Amino acid sequence: MLLPVDKPAYDAASAVVMDTLRAVPGAVVEVLGWDEAFVGVHGDDPEAVAQRIRADVLAATDLHCSVGIGDTKVRAKIATEFGKPRGTFRLTRETWFEVMGERPTKDLWGVGPRISQRLAALGVTTVRDLATAEDGLLATEFGPQTGPWLGDLGRGESSSTVDDTPWVPRAHGRETTYQQDLEPEQVDDAVRVLAAQVVGDIRAEGRACARVHLKVRFAPFFTVNRSRKLPEPTWEAAVIARTASDLYRALGDDRPVRLLGVRAEMVPPEGGYEPPRTHGRRGMP
DNA sequence: TCTGGGGTCCTAGGACCC
DNA sequence: TCTGGGGTCCTAGGACCC
């Protein structure tokens with residue numbers, strides 16, 4: 001049983017937390033999600049700053065948090081895990097291998113089950129193995145960007161620059177898992193519902209839809225994604241719905257549908273997006 | 001593991017053009 | 001006519017995170 005999420009309440013609580021962080025003297029705040037942020041601070045007593053942050057957040061919201069201190073964003077992020085619950089942990093170049101060296105690569109931020117499995121196939125199972133693996137080997141297996149980035153991850157190396165430029169969303173989507181599988185004839189209607197929700201989201205954003213993505217999970221639990229760039233950007237739910245329906249029909253698969261998703265990739269903002277300063281997922285150095 | 005929802009980014013292949 | 005290389009766009013798919 002899952003409970004519905006009260007998004008407005010979470011948004012409000014998150015805003016209070018972030019404002020509390022921004023009130024820390026000299027702090028630069030890079031928001032990572034509802035409940036997580038990098039706080040960039042210069043100074044010689046990071047533990048004191050961490051203490052203050054936890055006290056201020058508790059006072060403002062009644063919420064406890066943990067703080068990771070690090071000399072890179074990767075180390076700070078991972079340190080947070082060791083700080084939980086309700087504590088502080090410091091992880092630096094000096095202590096990295098002592099703390100992380102013998103741990104599985106899966107414990108790294110950005111290494112999931114799949115990559116850790118592929119690494120294991122190369123004989124790389126621990127963080128130390130990854131740190132000392134040859135770039136060439138990693139690049140061959142994971143590509144010229146991802147390979148070397150993984151090596152850096154193994155060493156805890158990453159940028160330490162905290163960037164408070166507000167995040168500009170790329171897309172908004174809605175998806176639903178149906179309590180009862182849909183028959184093909186029901187898909188058009190369902191897609192219209194999702195398209196209408198998506199248009200509400202992009203209207204709030206003030207940017208039109210340039211590309212439509214359709215996600216279909218069939219009852220046997222396999223999923224396909226299809227997308228199509230529109231001839232011209234649109235605000236019309238009907239255009240988005242029709243495009244999604246076309247993509248569905250083009251699959252030529254009439255098995256029952258468990259999930260449908262419609263996503264609108266938006267026109268880039270005036271001046272385009274920030275030049276990528278990260279590799280990998282959002283917020284990842 | 002038994003699977004909800006909202007996101008991002010990377011890689012690779014084919015089409016197309018110069 | 002044939003061949004080759006490089007760049008860009010589009011799309012599919014994979015992987016990861018909160």
Side-chain angles (χ1 to χ4, degrees), chain A residues 1-8 10-11 13-14 17-18 30-38 65-66 73-74 77-78 80-81 84 105-119 138-150 152-153 158 167-179 181 190 193-194 197-198 200-202 204-205 210-231 243-244 246-248 250-251 253 258-266 268 273-285:
Chain A
M1 182 65 192
L2 289 170
L3 298 173
V5 167
D6 187 350
K7 184 171 184 297
Y10 285 178
D11 281 342
S14 178
V17 171
M18 298 310 164
E30 180 176 332
V31 177
L32 279 191
W34 265 346
D35 66 346
E36 209 162 19
F38 286 116
C65 64
S66 64
K73 285 159 113 180
V74 158
K77 165 73 177 170
I78 291 175
T80 306
E81 298 302 315
K84 290 175 183 176
T105 58
K106 172 86 187 65
D107 287 5
L108 294 166
W109 182 39
V111 176
R114 184 63 190 147
I115 287 181
S116 98
Q117 190 184 320
R118 286 168 70 187
L119 284 169
L138 297 173
T140 301
E141 173 66 21
F142 297 100
Q145 304 288 321
T146 303
W149 172 74
L150 284 168
D152 283 341
L153 212 50
S158 75
W167 177 253
V168 181
R170 268 59 169 168
H172 286 295
R174 294 296 186 104
E175 62 181 66
T176 302
T177 299
Y178 300 99
Q179 292 306 308
D181 297 340
V193 170
L194 294 167
Q197 294 173 337
V198 163
D201 295 339
I202 66 174
E205 206 72 56
R211 182 185 197 85
V212 176
H213 296 256
L214 172 74
K215 174 176 176 178
V216 182
R217 176 124 73 216
F218 291 98
F221 216 86
F222 74 94
T223 308
V224 296
N225 288 281
R226 291 291 183 274
S227 68
R228 181 173 296 166
K229 189 184 196 303
L230 297 173
T243 305
D246 286 351
L247 289 168
Y248 169 71
L251 295 174
D253 192 328
R258 172 170 300 182
L259 171 153
L260 285 175
V262 174
R263 166 168 302 271
E265 208 173 305
M266 292 176 287
Y273 296 109
E274 287 281 295
R277 57 177 186 269
T278 62
H279 175 284
R281 270 50 57 186
R282 168 181 172 193
M284 277 191 204

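All values derive from a computational prediction rather than experimental measurement. In the text below, chain A, chain B and the rest are named by the order of the sequence lines, each starting its count at 1. All values below come from the heavy atoms of this structure, side chains included, with hydrogens, waters and symmetry mates left out.
Distance Glu30(A) CD to dC18(C) P: 13 Å, rounded to the nearest Å. Computed from coordinates, the Arg263(A) CZ to dA12(C) P distance equals 15 Å when rounded to whole Å. Look at CD on Gln197(A): it is 17 Å from P on dG4(B), rounded to the nearest Å. Going from atom CG of Leu214(A) over to atom P of dA12(C) covers 10 Å, rounded to whole Å. Rounded to whole angstrom, the span from the NZ atom of Lys106(A) across to the P atom of dC16(C) amounts to 8 Å. Summarising the geometry, the separation between CG on Leu247(A) and P on dA12(C) is reported as 7 Å, rounded to the nearest angstrom. Rounded to whole angstrom, the span from the CH2 atom of Trp167(A) across to the P atom of dC18(C) amounts to 14 Å. Glu265(A) has its CD atom 13 Å from the C1' atom of dA12(C), to the nearest Å.
Within the 4.0 Å cut-off from OP1 or OP2 of dA12(C), at least one side-chain nitrogen or oxygen of Ser227(A) is found. Here Thr177(A) does not reach the OP1 or OP2 of dT3(B): none of its side-chain N or O atoms lies under 4.0 Å away. Within the structure, a side-chain polar atom (N or O) of Arg226(A) is placed less than 4.0 Å from OP1 or OP2 of dG13(C).
Among the atoms of the strands shown, only primed sugar atoms or phosphate atoms (P, OP1, OP2) are found under 4.0 Å from some heavy atom of Lys77(A). Residue contacts shown for Val111(A) are limited to sugar-phosphate atoms, with no base heavy atom under 4.0 Å away.
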Which atoms of nucleotides 5-10 of chain C (N or O only) lie under 3.5 Å from a protein N or O atom, and what are those distances?
none

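Listed by chain and number, the residues in a ring-ring contact (aromatic ring centres under 6.0 Å, His included) with Phe221(A) amount to none (sequence neighbours excluded).
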Dot-bracket for DNA chain C: what is it, with Watson-Crick or G-U pairs under 3.5 Å, [ ] where a pair crosses earlier ones, and | for a pair to another strand?
-> ....||||||||||||||
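A stacking contact between Trp109(A) and dC17(C) is absent: the pair does not combine a ring-centre distance of less than 5.5 Å to the base's six-membered ring with planes differing by less than 30°.
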